[in-house]
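A short worksheet on the structure shown next.
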Protein chains: 2
Amino acid sequence: MEHTGRGDPARSLALLWRTREAPGRKGGPGLTVTSIVRAAIHIADTDGLNALSMRRVADHLGAATMSLYTHIPGKAELIDLMTDTVNAETLDPPHPPPITPWRDRLNDVAHRNWRLHQHHPWLAATATTRPVLGPNTTAKYDRELNALTGTGLTPIETDSVLTLILSHVSSSARTLAETTRTHTDTQLTDAQWWQAHAPHLEKLLDPQRYPTAAAIGAAVGAAHNTAHDPHHAFEFGLHTILDGVAALIASRT
Amino acid sequence: MEHTGRGDPARSLALLWRTREAPGRKGGPGLTVTSIVRAAIHIADTDGLNALSMRRVADHLGAATMSLYTHIPGKAELIDLMTDTVNAETLDPPHPPPITPWRDRLNDVAHRNWRLHQHHPWLAATATTRPVLGPNTTAKYDRELNALTGTGLTPIETDSVLTLILSHVSSSARTLAETTRTHTDTQLTDAQWWQAHAPHLEKLLDPQRYPTAAAIGAAVGAAHNTAHDPHHAFEFGLHTILDGVAALIASRT
DNA sequence: CACTGTTCCGTATGTTGTACGGTACCGCGT
DNA sequence: ACGCGGTACCGTACAACATACGGAACAGTG
């Protein structure tokens, strides 16, 4: 994966905060940072992050590939810009006021991000170290931290809890995205895949050797129609984590 | 990322379970499935999954690139084989007996996987949908499920809890791997990166607009020397999740 | 010694990001 | 009206990637 740290920070930040947005030339394709980012998001939403290439973005805009580099240092910065742009979507319905119980507020934060990842599955495939220091991402972080005010947690605990929640969302979203992408790529549903493997597995999987796996695996497969239902994994995990956070908060009062 | 579903399951499973291990030719490089997988693991351990190419594996074995395809259908299957191979490492110190409290057993499972990911950071970058149906991965699943026997949880709850724990390990490991890889790629520590951005951020980040983010961000940055300490995130998250699991188990008795 | 199946490999194709050098245009000062 | 400088735009080129295809070299068997 690409890294952002290559160019100078001033350039990257100016891009994110849209200092000086150039109008572009008149006759040709009116390339703008905004238009490039929008096209890139469209492609990634439709065909995934792997299908996002500089060539495709340029084609989609009726421009030559290298023209993009006039406006954007490289692909890594483009992805950062895409991320900051879509992060704005989590701000739209205003967050609930502090009177609301913290658990409802945190649950709301989790589901906002879950929805965001549904609309933009490629988000889960981007690197998360070194946050994108754009206006929307910063605002998102600010609002989400507010979900924990009044709980008596220390600043570090607050950040840790939020990190854990967002990490869980991202992880679940990644699994979901991989599942659907694997499905479209291989033209095989999980059920079909299991059916194709089942006959050979019967000869290899000795119930004597793997007693628990055999028992639990069968029950799980019967319950959801597939082995891992990402939606269920998300909700179950969120509920469990919130219970754990409740224990932490209870111990502080 | 590559997908495994391409070839026929019989071939893949035969590879994983090492039915018929061919000795190879005498004069040339004695290529074997095992030797290829071992070389691939070595490369991925050293230089990451991005550096793992068929060329490099072949070079490392003194063979031509295309010779690998005699033994292995493609790169996707190679990665599956690598995964099943290293998964054996979690089995080595025998798991604690069922008399041990479930929380200690689950904690042990988490730390086994955490250690595994430290040794093989590329693991976190592989696709996790559709489990690798090899002998070691199956044994791993079996032993890990046993950490929850006697807790009164249903089979589905047992699987969900294990999935949550492993997902947390994987997520934390990914962050850690990305951090170190970003560090080596950009030759910049996180602290240096923040220092490079700080002067420009002061002009852009309005404390009026982002009050909570400014306050918490400062406290967090001061506490750990970097913004996100992956080790801390792992331990904190694990503790919180285990508290949540305790609540679930308590509600079942 | 010939035959057959498998191991091994050289070449070629279509991708990718982007470095480099060039062209054409807009707006500005005069 | 005119020229000029800066910038938007683009064509070509390169290295690295997985792998399809067809051929060559060797093993064991008759």
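The shown structure was predicted, so the numbers you read here are calculated from the model rather than taken from an experiment. The chains referred to below are lettered A, B, ... by the order of the sequence lines, with proteins before strands, and numbering in each begins at 1.
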* To do: For Ile72(B), report the nucleic acid contact type (base, sugar-phosphate, nothing); a contact means any heavy atom under 4.0 Å.
  => nothing

* Structure fact -> To the nearest angstrom, the CG-P distance between Asn50(A) and dT16(C) comes to 11 Å

* Asked: Hey, is the side chain of Thr70(B) poking within less than 4.0 Å of OP1 or OP2 on dC8(C), counting only N and O atoms?
  -> no

* Could I get the full list of side-chain contact (heavy atoms from CB on, under 4.5 Å) partners for Arg112(B), not counting sequence neighbours? => Pro93(B), His95(B), Pro96(B), Asp108(B), Arg115(B)

* Rounding to a whole Å, what distance do you find between Met54(A):CE and dG17(C):P? -> 7 Å

* d(CG, Leu31(B); C1', dC8(C)) in whole Å -> 8 Å

* **Any residue meeting salt bridge (Lys or Arg N to Asp or Glu O under 4.0 Å) with Arg38(A), in chain and number order, not counting sequence neighbours** => none

* **Strand-adjacent residues in residues 38-46 of chain A, judged by heavy atoms under 4.0 Å from DNA chain C** => none

* **side-chain contact (heavy atoms from CB on, under 4.5 Å) partners for Thr85(B), two or more places apart** => Arg18(B), Val37(B), Ile41(B)

* Structure fact -> Here the distance between atom P of dT15(C) and atom NZ of Lys75(B), to the nearest Å, is 19 Å

* Do other residues, nucleotides or ligands put more than 12 heavy atoms under 6.0 Å from the NE2 atom of His119(B)? -> no

Tell me which donor-acceptor pairs under 3.5 Å the side chains of residues 61-69 of chain A have, and how far apart each pair is, sequence neighbours excluded?
residue  : atom : partner  : partner atom : Å
Ser67(A) : OG   : Ala64(A) : O            : 3.3

* To do: Report the residues that fulfil side-chain contact (heavy atoms from CB on, under 4.5 Å) with Ala10(A), sequence neighbours left out, ordered by chain and then residue number.
  => Asp8(A), His200(B)

* Can you sort out the partners of Thr137(A) under side-chain contact (heavy atoms from CB on, under 4.5 Å), two or more places apart, ordered by chain and number? => Asp84(A), Asn87(A), Val132(A)

* Listed by chain and number, what are the salt bridge (Lys or Arg N to Asp or Glu O under 4.0 Å) partners of Arg56(B), not counting sequence neighbours? -> Asp47(B)

* Asked: Looking at Gly74(B) and Met54(B), what are the two nearest heavy atoms and their distance?
  -> C-CE, 4.2 Å

* **Contact list for DNA chain D against residues 57-67 of chain A - heavy-atom distance below 4.0 Å** => Ala63(A), Ala64(A), Met66(A), Ser67(A)

* To do: Compare side-chain N and O positions of Arg55(B) against OP1 and OP2 of dC17(D) and report whether any pair is under 4.0 Å apart.
  => yes

* **His71(A) side chain near dC9(D) phosphate (N/O to OP1/OP2, under 4.0 Å)** => yes

* Structure fact -> When rounded to whole Å, the CD1 to P distance for the pair Ile36(A) and dA8(D) reads 11 Å

